[in-house]
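Numbers for residues simply follow the sequence, beginning at 1.
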Amino acid sequence: LASAPFLERLSFRVEAIARAGDPVAAGAAHGGVRIALRSFGAELARLGWLAGLAGALAGLGVLIPGAAVITAPALVIVTIVLLPLEYAGHALDRRGAAFRDRLRFLAAQRATMLGFGSVAFLACFVPGLNLVLMPALVVAGTLQVLRHDPPSERESVADLVSFSEPEP
């Protein structure tokens, strides 16, 4: 949570460099405090959603005898599946992508996102490694969003940039 504004800025810079001169990316540079507050809010929402899901699975594992055999691996799988949203979240937040669109984004690149989530998950087990790899994972997540054009991006870019020429 504390690194959210810094990672948001990193994600923005990666996108600005990758899109060299894109009016949407250039326009997003203004309002540093607003962007930092938005990144805190978005990060808090992501953490809350994952904590709620993890709490529900853990609760089932504790309350139902023998359920831990199923809920523990389910928690690992859910974490691996959803972890790419943590690192692509900054770029998806700038697009105003709804959670449903984020899930479609994950499903569209299923194998890539499972691999990405697995690497991020394993990095969390080595003390300090996740802190070192976090900027690289945010860069990778941002580039994935740019490369695979989430479903909601086309609509939001068209709404935001009414003066641009339509692509053939």
Does [X] belong to the same Ile/Leu/Val/Met/Phe/Trp/Tyr cluster as [Y], with side-chain heavy atoms less than 4.5 Å apart forming each link?
{"X": "Leu53", "Y": "Ile70", "value": "no"}
{"X": "Ile77", "Y": "Leu60", "value": "no"}
{"X": "Leu106", "Y": "Val76", "value": "yes"}
{"X": "Leu92", "Y": "Trp49", "value": "yes"}

For residues [X] and [Y], determine if any side-chain heavy atom of one lies less than 4.5 Å from a side-chain heavy atom of the other.
{"X": "Thr71", "Y": "Ile64", "answer": "no"}
{"X": "Thr142", "Y": "Arg94", "answer": "yes"}
{"X": "Arg19", "Y": "Leu146", "answer": "yes"}

Just verifying a value: how many Å separate [X] [atom1] and [Y] [atom2], rounded to the nearest 0.5 Å?
{"X": "Leu50", "Y": "Leu85", "atom1": "CG", "atom2": "CG", "result": "10.0 Å"}
{"X": "Leu143", "Y": "Tyr87", "atom1": "CG", "atom2": "OH", "result": "15.5 Å"}
{"X": "Arg147", "Y": "Thr112", "atom1": "CZ", "atom2": "OG1", "result": "9.0 Å"}
{"X": "His90", "Y": "Leu7", "atom1": "NE2", "atom2": "CG", "result": "4.5 Å"}

Under 3.5 Å, side chain of [X] to main-chain N/O of [Y], donor-acceptor pair present?
{"X": "Arg102", "Y": "Ala97", "value": "yes"}
{"X": "Arg95", "Y": "Ala91", "value": "yes"}
{"X": "Gln109", "Y": "Phe105", "value": "yes"}

Completion exercise
Smallest heavy-atom separation, Pro73 atom then Ala68 atom, equals CD-O, 3.9 Å
Let me check something: any side-chain donor-acceptor pairs from residues 116-140 under 3.5 Å, sequence neighbours excluded? List them with distances.
residue, atom, partner, partner atom, Å
Ser118, OG, Leu114, O, 2.7

